[in-house]
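Below: the structure, in structure tokens.
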Amino acid sequence: MVTRRRWSRLVCSLVLAVLLVVSMSTVGMAAEPAADRLVPDILVLGPSPAWVTPQNEAMLALVAEMGKVGLKTTYEALPNWPAFVRRASSKPWKWGIAAGSFAGRPARLDPHEFLTTGLTQAYAGEGGTNFGGYANPKFQELAARQAEIMEPKARKALVFEAQKLVADDLYFQYQYNGRSLIGYNQQAWDNAVMTAGGNAFASITNMVSIIPKGADRTIKVGEIYRPRPLNPFNIPSAHEYFNLRLVYDTLAELSPAGVPEPWLARSWKMVDDTTIDVELREAHWHDGKPVTAEDVAFTFQMYQKHPPGYIKPGVDPVRSVVVTGPRSARFKLAKPFAPFIHFSFSGVLIVPRHVWDGVVEREKVKQPDEWATPNLTGSGPFKVVKVVPGEGYVYTANKTHYLKPPRADGLVYKGFANSEARFLALASGQIDFHTIAFYTLTADQAKEAKASPALKVVEARDIGGAWVTFNLREGSPFQDYALRRAVSHLIDRKKIVEDFALGLAEPGCSVIAPANAQWHNPAVRCPEHDPGKARQVLVDAGYQWDGKGRLYFPVNHKPTLYPSLKR
Amino acid sequence: MPALRVALKLSGSREGGWLADVEPIGLVGIAMFCVLALVAILGPSLAPYTADEIIRLPDGRAARLLPPGPGHPFGTNGFGRDVFSQVILGSRGALVVGLAAAVSVVTVGMLMGLVAGYCRGIADTILMRATDIAYALPLEPAAIILLALTRPTVWTTTAAISLLAWRDVARVIRAQVLSTATQPFIKAARLAGAGHLRIMLRHILPNVLPLVLVYLPVSMGRAVLAEAAISFRGYGDPSVLTWGQMLQQAFMSGAARQAWWWILAPGLAINLAVISVFFASRSLERVVNPHVR
Amino acid sequence: MTETVPVPGRWRYIVRRLLENVVSLAIVAALIFFAFRLIPGDPVAAFVDPLADPETKRALMVRFGLDRPVWEQYALYVKNVLTGDFGISFSTKRPVFMDIGPPFTNTLMLVVPVAVISYGLGSLLGFVFGYVGGRWDLYGSAVFLVLRSTPPFWVGLLLMMFLAYHLQWLPISGMRSSWTAEGSFVETFFSWDFVRHATLPVISGAIYFTGLPLLVARGSIRQVLGEDFIDLARAKGLSETALLFRHAARCALLPVVTQTSLFLGWAMGGLVTIEQVFSWPGLGRLLVAAAASSDYPVAMAALLLLAVIIMSLNLLTDVLYASLDPRTAS
């Protein structure tokens, strides 16, 4: 017994001594890491408080947390998207973390845009939106392949895999996805339809479905926007697109759930992966002339020559449109493209040939978008009465629309300079709807609106949101996965959602947001908020701290760029 | 008040009884400014909370939009932060931008005015055309555009304001130099063989310095207002809390209707800060130029 | 003021000032151009889809000539401006003047009442304070300083909060309640509706801008009152009111009037924030929005327009002065 205890004591003290020596030597090493291993100061790019308040707060909190693990940072706040792109997407790419946001919109219900624009090589150049230069070849292949697989189930598997890969590589992660509050006047309108994908009430479906309850049969829409002149060849933002869609029909329209359904097209048939036959309905332009397959073919040709950003994804895949009858046409694609119907049929506004053919010569402009006072004849449920740049648009209902004559008599769209002005207009009955989910009511406005019997507040989940990316280019410390992981553990999504977004958001992670239930991969996880783990990750990877708590790279640092490739 | 004493000496007032020359307004202004400076210097130890600390209710929720009351004399803002502390901490931004801009505006303006007024001829033409150009660009929008094109920091804000605001000082100083340069004692100095530089520095400068000192607080007040406008439009340095930025947040939040304290407090702070320097400038005016009644 | 200069001298002065202004304007134009062109990066990011492919962006760069060397762009800009072509807006693709015109009018309809009120009220108060002197003079200058210290946008916020939100006496924002049935210029700007909308922004601006004419008028009346002809008039037994308003004020008004030319520049500046608060569709808001969204042609043309206006008013003042006070011309 005695000897046994003595032995155990000896063993214990030996182990202790060894531990002591080892730990002391590591402490000794940590106190004096070589200066060239110091993790350089990190430039963090993000929004200014005036641009995206919650994300600005989130980034300031993150930067403070990073300081606590020994990373020295500079936060550079950018006032708007162009300034952000200018800074984050030009040589020499000196930043470490960039935090920006993508707006959700119906076209992005198809996962293609989000999987390619922010993440693929084609967008990694200057001015591109793959800001950090993500170039995992495995992902590149997945992103390209998913677009070519027409069978939805097989495509879904690839989309799921691609999402998982980005998240596992810790290149791009959402901090939060918006949860917008949209208000409308329920005393004036019945039967409002909310559409998925971020447009909320800004859909033609809603505008033709709502039923006036009172004597005022004009829909009044208000948005935070300085109305620009309308021209189907100049579509700088979602606002112009929504307004033009009132006037111009598309071949298909997304259902409230986000599935393309026939609209101007009576039906379409996939002949093979690159051939689609389309049959048109018997429709008329506002001036009485019939809508023909010629108009459709002309529209695609014209837009291919002069594509606005909103239309381009819809016309790029098309190789030719052949007129096969007065109201039938055959689309040929260059190669199989899964989002084609979504982007093209429910995206491209069909314009009348008799108005736009030869417009450049007739109006003596260089491009069709320069026609300052365009003839806005369309075939849609609303006709333009007046465009007042800076203030808004007036429409009258096209009661003889072939498919969905509006229940309302007209529509007025007003621009407001700020959220407060718009809310007060809503509260006082000057407007009935505000539309696009991105421009949510603030938490305080929503509280007030809920108390008013006239107003109804509904929630719209955004498929876009606010994200962070790491710079993976040469020279960036974030070429190392461990450092990305450590910083990711510092993102406190609960705090962001509750304290900074004031509840108007949900925690985000995957590049395909949970609100896009059809394509979101629920298995994707981002590192949970845990500063202790952040430290542990760094310790495990061999990072060290000096006496002042500054962080140093491991000895013989070999950064792991893509952990998924290593495995 | 070393500046005041210098001004006194230069203007030849009685050393002892200078207080008698200062208007009550001026004294009020000087006192207010001293308080402001103290608040700015002691800021962090005076403020009960940090600028970004979120105050919690007992149940853990953020104490958003609490009206003024015990513990929060100016209430809390839309994030549950203490407005009183933010107003105190915001004084630094105002003071730093104000002082730095004022010093550079006055220095540049004085040099421009001095050279233009004394040298006349081509130098005058060039410098006065430069002031014309600076006058042609309205201060706030031009500064906002400069900041939108570069990057908003405290220093770029200061630079943008200074770049556009020196014009007023330059014009006034030039006029003063012009009238001084024609006076007999300048001619006498020249006849006595004094060089241009010497005349400028020894004879003319002392005569315009009092005016410069009057313009220092005036320029500071203008700079504080300009900074507030720039921050209110969202183009201020986002990493430095300022009163203008607080107003911008309040305006954006949609809480401005109920939360009057969130609007009133920072605005009053701007107002009082600018009043203090303007009032102080009045006292200087009287001290340096006792003939103006 | 009694002597007149021989006409050729005055004309020579005017021509010289005109030439100087043209040179200054050319420099201003160049400054504006280079300020906008020398920023590194991607000017087209703002008006294509945020996620547009690089190819689309490149096409736009080529279309607007932004891919060419800066000097070449400058040469083209000079040539275009000289022929009155300010290009097309990057975002609306319309000729720039079409985008600037209405906001400019709207701002003018704000600046003019602000000018009338602040200069009318300011000079009246200034005359009174300056004339009465003593304690009232002291209060007068205190009032001036307080008015000058109040950020106009803050006053706007407070007025909006109390008069528009709580008491609901006046509309909250915008320029008119209905533009949908918009009529002629006169119907738009000379209606009760417009007055109601303009009231709060005008008051916010006027409060701030009253300070300056007040001070100038006060100083100028004090100077005039010290001159001989006033004593003479007084000796003649003229009533004090008549003295102040008929004789002294008339002479003292000149400096106030000449001040007005500088006012426009300041007003445009101060109104940028007021326009923001009240959602006024004016030039200041357009200018800032255009700069923020990299719509260079619009921002540049708007700045240049302001510069031209301010400079011509300055020139006008100088010429006016020269014809009234011959000493300046020599």
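We name chains A, B, ... by the order of the sequence lines, and we start the count at 1 in each one.
- Two residues are said to be in side-chain contact when any heavy atoms from C-beta on lie closer than 4.5 Å; B:W262 and B:Q249 meet this criterion.
- In the displayed structure, B:I122 atom CD1 is contacted under 6.0 Å by at most 12 heavy atoms of other residues, nucleotides or ligands.
- Listed by sequence position, C:S149, C:T150, C:P151, C:F153, C:W154, C:L157 are the residues of residues 149-157 of chain C in contact with chain B, using a 4.5 angstrom heavy-atom cutoff.
- Proximity to chain C is limited to the side chain of B:F251, based on heavy atoms less than 4.5 angstrom apart.
- Residues of residues 228-238 of chain B having a heavy atom under 4.5 Å from any heavy atom of chain C, listed by number: B:A228, B:A229, B:F232, B:R233, B:Y235.
- A cation-pi contact, defined as under 6.0 Å to the ring centre and within 45° of the axis, is absent between C:R218 and C:F129.
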Show the numbers, then the answer: is there a side chain to side chain contact (heavy atoms under 4.5 Å, CB included) between B:W261 and B:L65?
CA-CA 9 Å; B:W261 55 90; B:L65 299 179; 4.2 Å; yes

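- Side-chain contact between B:V83 and B:M246 is present, with at least one heavy-atom pair separated by less than 4.5 Å.
- Side-chain contact check for C:E20 versus B:T125: some heavy-atom pair is nearer than 4.5 Å.
- The contact list for residues 270-278 of chain B toward chain C, using heavy atoms and a distance under 4.5 Å, reads B:I270, B:N271, B:V274, B:I275, B:F278 by residue number.
- Side-chain contact between C:I32 and C:V28 is present, with heavy atoms from C-beta onward closer than 4.5 Å.
- Contacts between C:I309 and chain B at a heavy-atom distance below 4.5 Å are absent for every atom of the residue.
- In this structure C:R285 satisfies the salt bridge (charged side-chain N to carboxylate O under 4.0 Å, His left out) test with no other residue, sequence neighbours excluded.
- For the atom pair CG (B:L36) and OG (B:S91), the distance works out to 6.0 Å, reported to the nearest 0.5 Å.
- In terms of non-hydrogen atom pairs under 4.5 Å with chain B, the most contact-rich of C:H166, C:Q276, C:M311 is C:Q276.
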Applying side chain to side chain contact (heavy atoms under 4.5 Å, CB included) to C:Q168 and C:L163, what does each step give before you reach the verdict?
CA-CA 6 Å; C:Q168 304 196 337; C:L163 298 182; over 6 Å; no

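- Separation of atoms CD1 (C:I274) and CH2 (C:W280) is listed at 11.0 Å; rounding is to 0.5 Å.
- Two residues are said to be in side-chain contact when any heavy atoms from C-beta on lie closer than 4.5 Å; B:M220 and B:L95 meet this criterion.
- The side-chain heavy atoms of C:V298 and C:L287, taken from C-beta on, include no pair separated by under 4.5 Å.
- Ion pairing between a basic and an acidic side chain is recognised when a charged N comes within 4.0 Å of a carboxylate O; B:R167 and B:D132 show no such pairing.
- A 4.5 Å side-chain heavy-atom check between B:L264 and C:L158 finds at least one atom pair inside the cut-off.
- When heavy atoms are compared at a cutoff of 4.5 Å, C:V277 approaches chain B by way of both its backbone and its side chain.
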